[in-house]
Number of protein chains: 2
Amino acid sequence: MAHRHDSEPNTGTAQRPFADALARLKEVGLRPTRQRLALAKLLFDGGDQHITAEQLHGMARNASVKVSLATVYNTLHQFRDSGLLREVVIGQGRSYFDTNIHDHHHFFVEPMGQLVDIPVDSVEVGQLPTPPDGTVLDRVDVIIRVTRSA
Amino acid sequence: MAHRHDSEPNTGTAQRPFADALARLKEVGLRPTRQRLALAKLLFDGGDQHITAEQLHGMARNASVKVSLATVYNTLHQFRDSGLLREVVIGQGRSYFDTNIHDHHHFFVEPMGQLVDIPVDSVEVGQLPTPPDGTVLDRVDVIIRVTRSA
DNA sequence: ACAGTACATTAGAACGATTATAAACTGTTG
DNA sequence: CAACAGTTTATAATCGTTCTAATGTACTGT
């Protein structure tokens with residue numbers, strides 16, 4: 001339920017701050033089921049990814065992991081709510097889930113909808129206006145839309 | 001086809017830079033049909049709006065303008081392609097069409113999905129990173145997500 | 001270990017926004 | 001007026017996502 005944006009102790013390799021899928025699930029209080037463990041492995045082993053539900057479902061199929069699409073959606077949402085993932089809504093239909101939960105921004109390559117991370121310190125956003133009436137700031141998304149030139 | 005982001009000569013009231021729906025259509029080379037004229041009036045008379053296709057369809061119904069939903073979609077896309085509107089994709093399902101085509105950003109009030117304009121000079125974005133490989137910059141969207149606090 | 005219960009997974013249906021289709025219409029041109 | 005190019009329309013189809021209700025699995029206390 002609560003969001004977590006902390007910087008981890010970062011034991012082990014820089015590539016996999018804390019590699020153990022089980023440890024992640026424990027840490028956010030999700031029962032380590034077969035499906036969740038498998039999906040966590042697919043998501044968090046290897047570098048940062050921007051992935052859709054359908055894509056993850058496909059990856060699971062490829063890896064011979066039996067998971068229903070509904071469970072993929074459920075799991076992605078739980079991970080998002082636990083702060084393990086960040087949801088990025090950019091294009092028309094689809095949602096991307098970003099395994100990079102640190103503060104950062106995105107290039108969005110149209111029209112194929114590819115996402116590329118931008119470190120937060122590559123963009124200088126200063127002087128935010130005050131939020132309207134009875135609202136409170138959640139987060140700032142900077143999306144730099146680019147198109148293929150070649 | 002070509003996008004227009006020019007500042008208009010701004011004849012007449014500041015409220016309606018150039019009020020005539022017919023003039024707008026002529027200017028971008030769209031045939032001034034009954035439906036397009038009516039929709040243009042609904043969109044461009046009165047201040048800046050963020051509107052969905054369904055909402056515009058509803059407004060047309062209210063104004064006793066007979067237009068099908070398909071035509072609303074077609075027209076919104078044509079207006080967008082002509083630079084009369086800007087499409088803003090932010091929430092899960094829906095697309096907003098913004099009658100303010102000048103450079104600006106948005107507050108997005110979750111969870112009800114209300115949009116509020118932010119003048120471009122209220123946000124300071126400096127030092128953009130260079131776009132990836134064979135891509136060219138299209139535009140920069142800054143979305144400040146806020147939630148109801150009260 | 002076992003029962004009990006709370007939580008998870010699943011297939012499939014349902015949903016909402018959008019897009020495609022194909023027929024009917026409008027307006028313009030020769 | 002006939003032909004034509006562009007428009008509009010109702011409807012069906014599609015896409016990603018969410019819901020539902022049945023079944024399965026994991027943790028708790030004993």
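Per chain, numbering begins at 1; letters A, B, ... match sequence-line order. No hydrogens, no waters, no symmetry mates; every other heavy atom, side chains included, goes into these values.
Between L56(A) and I51(A) there is a side-chain heavy-atom pair separated by less than 4.5 Å. At a threshold of 4.5 Å between non-hydrogen side-chain atoms, the residues F108(A) and V89(B) do not count as touching. Side chains of L39(B) and F44(B) form no contact here, defined as non-hydrogen atoms less than 4.5 Å apart. Here the side chains of V109(B) and T147(B) are not in contact, with every heavy-atom distance at 4.5 Å or above.
When rounded to the nearest whole Å, the span between CZ of F79(B) and P of dT7(D) equals 11 Å. Atom pair L56(A):CG and dT9(C):P shows a separation of 13 Å (rounding to whole Å applied). Note: CG (N74(B)) to P (dA17(C)) measures 18 Å, nearest angstrom. In this structure, L30(B) atom CG and dG6(D) atom P are separated by 12 Å, rounded to whole Å. Rounded to an integer number of Å, the gap from CZ of R36(B) to P of dG27(C) is 12 Å. Following rounding to the nearest Å, L25(A) (CG) and dC7(C) (C1') show an atom-to-atom distance of 14 Å.
For residues 57-68 of chain B, proximity to DNA chain D is found at K66(B), V67(B), S68(B), defined as any non-hydrogen atom under 4.0 angstrom from a strand atom.
Remark: Q35(B) is not in phosphate contact with dT26(C), judged by side-chain N or O atoms under 4.0 Å from OP1 or OP2. Taking only side-chain nitrogens and oxygens, Q78(B) never comes nearer than 4.0 Å to OP1 or OP2 of dT7(D).
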All N/O pairs under 3.5 Å across the protein-nucleotides 13-19 of chain D interface:
unit_1, atom_1, unit_2, atom_2, d
dG16(D), O3', G93(A), O, 3.4
dT17(D), OP1, S95(A), N, 2.8
dT17(D), OP2, Y73(A), OH, 2.5
dT17(D), O5', Y73(A), OH, 3.1
dT18(D), OP2, H77(A), NE2, 3.3

Detail all sub-3.5 Å separations between protein N/O atoms and N/O atoms belonging to nucleotides 23-30 of chain D.
none

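Rounded to the nearest 0.5 angstrom, Q78(B) CD and T71(B) OG1 are separated by 9.0 Å. Interatomic distance, S82(B) OG to H77(B) NE2, rounded to the nearest 0.5 Å: 12.0 Å. Distance check: L43(B) CG to R24(B) CZ gives 9.0 Å after rounding to the nearest 0.5 Å. For the atom pair E87(B) CD and L76(B) CG, the distance stands at 8.5 Å (nearest 0.5 Å).
A salt bridge links D133(B) with R148(A): at least one charged nitrogen is closer than 4.0 Å to a carboxylate oxygen. The pair R86(B)-D141(B) counts as a salt bridge, with a side-chain nitrogen and a carboxylate oxygen less than 4.0 angstrom apart.
There is a side-chain donor-acceptor pair under 3.5 Å between D117(A) and H50(A).
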